[in-house]
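One structure, pasted below without further comment.
Computed over heavy atoms, backbone and side chain alike; hydrogens, waters and symmetry mates excluded.
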Amino acid sequence: MPELPEVETTRRGIAPHCEGQRIIQVTVRNASLRWPVPDDLAERLEGQTIRTVDRRAKYLFLNLDGGTVIVHLGMSGSLRVISDQAPPMTHDHVELKLQSGVVLRFNDPRRFGCWLWSDAAGSHPLIANLGPEPLSAEFNGPMLHRLSRSKKTPVKSFIMDNHVVVGVGNIYANEALFKAGIHPRRQAGRISLDRYHLLAEAIRETLSAAILMGGTTLRDFVNSDGKPGYFAQSLLVYGRTGAPCPECETALKEIRMNNRSTVYCPRCQR
């Protein structure tokens, strides 16, 4: 599914076309998403101006004068800026027509995404208990070390917990743990402060690189202008089971953790 870099790429793609624009018309073609689109969404939005487009974890915020639209791309969703009057496709479920004439169109074949309204997005139940952003000053090695004490959960599961830190999805957890030299099954509570310093930096480095390259190319993801990201071409371990480790040339191994592929180097990661 689209992860934090893909969502941030989407935010950066749509923001210049949306910010400062008044919403002229709202069309909901299918309200049956992960949670039903509010019946009064059009009534709330039409005539309002989108002030900013922000992101929190994998949620996008369309901030208006009177509240916020919370958008999640789910497993297969995308937001496109349509300027050529192209007709809607089968899975185009929600769209906003803006004063400039462009249309912000939400496509989601699996319908696991959401469009919700909130008067105060920060206190919404989906948002209120999230951990810090991984690129913020709040996120660092000492924080990870403090939260991990006495935890027997594998470190990979620990850093993928959105209550610990948001946005470290499966691909990026694989990559960051490899860069930090930490085995994905190592107990979170048995990792030293020095190694958590390395891991926090590896997470920041991995996510920053993915954002710069436009997100990882996944089967269902394209960004707002229809072009895929290219970070997949730079992956060190994920998707490379059996290939030589880029550091020591040992064959990379794969295990399943929580039904997800986990690729690691048995020599470099301990």
Side-chain angles (χ1 to χ4, degrees), residues 1-8 56-58 75 129-213 215-216 218 231-270:
M1 65 176 65
E3 298 290 352
L4 184 149
E6 288 81 15
V7 178
E8 177 62 18
R56 179 72 172 101
K58 293 193 289 185
M75 296 183 68
N129 296 316
L130 292 175
E133 292 285 326
L135 303 182
S136 69
E138 184 182 355
F139 174 71
N140 52 46
M143 187 215 78
L144 287 177
H145 185 260
R146 174 174 52 82
L147 293 179
S148 68
R149 295 308 84 191
S150 302
K151 288 193 178 293
K152 295 182 179 181
T153 186
V155 65
K156 184 189 175 196
S157 301
F158 174 67
I159 63 173
M160 289 180 65
D161 183 347
N162 281 327
H163 294 96
V164 174
V165 56
V166 299
V168 185
N170 188 49
I171 292 174
Y172 304 107
N174 276 263
E175 295 294 295
L177 287 166
F178 173 74
K179 290 178 181 179
I182 299 173
H183 194 289
R185 278 187 170 159
R186 188 171 180 84
Q187 288 185 13
R190 300 188 66 182
I191 295 174
S192 69
L193 175 58
D194 286 345
R195 300 192 83 190
Y196 269 125
H197 274 296
L198 293 174
L199 182 54
E201 184 56 34
I203 289 171
R204 280 194 294 269
E205 178 184 307
T206 300
L207 292 174
S208 295
I211 291 169
L212 284 174
M213 294 186 187
T216 302
L218 303 180
F231 186 66
Q233 299 175 12
S234 303
L235 294 174
L236 298 173
V237 292
Y238 184 84
R240 299 186 65 242
T241 304
C245 168
E247 294 293 332
C248 72
E249 298 191 349
T250 301
L252 297 174
K253 290 189 175 183
E254 179 176 355
I255 53 177
R256 303 293 292 183
M257 296 180 63
N258 298 324
N259 293 319
R260 298 186 183 201
S261 172
T262 302
V263 184
Y264 69 101
C265 175
R267 182 174 180 182
C268 294
Q269 293 175 253
R270 299 186 181 278

Positive for side-chain contact (heavy atoms from CB on, under 4.5 Å) with Tyr196, one of Ile182, Val155, Asn140: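 With Tyr196 as partner, Ile182, Val155, Asn140 yield a single side-chain contact (heavy atoms from CB on, under 4.5 Å), made by Val155.
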Gap separating the OH atom of Tyr264 from the NZ atom of Lys156, nearest 0.5 angstrom: 12.0 Å
From Ile191 atom CD1 to His183 atom NE2, the distance as rounded to the nearest 0.5 Å: 11.0 Å
Side-chain heavy-atom pair Thr153, Asp161 within 4.5 angstrom cut-off: no
Minimum heavy-atom distance Arg195-Gly181, with the two atoms named: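 Minimum heavy-atom separation between Arg195 and Gly181: NH2-O, 2.6 Å.
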Heavy-atom pair of closest approach, residues Pro266 and Ala251: CD-O, 3.6 Å
Least distance between heavy atoms, Cys265 atom then Cys268 atom: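 The answer is SG-N, 3.3 Å.
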Distance (rounded to the nearest 0.5 Å) between Ile159 CD1 and Ser148 OG: 11.5 Å
Interatomic spacing from CG in Asn162 to CG in Asn129 - rounded to 0.5 Å: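 Those atoms lie 11.5 Å apart.
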Arg267 CZ: over 12 foreign heavy atoms closer than 6.0 Å: no
Minimum-distance pair of heavy atoms, taken over all atoms of Val237 and Glu175: N-OE2, 2.9 Å
Spatial distance of atom CG (Asp194) from atom NE2 (His145) [nearest 0.5 Å]: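 Those atoms lie 9.0 Å apart.
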Spatial distance of atom CZ (Arg185) from atom CG (Leu177) [nearest 0.5 Å]: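 If we round to the nearest 0.5 Å, Arg185:CZ and Leu177:CG are 13.0 Å apart.
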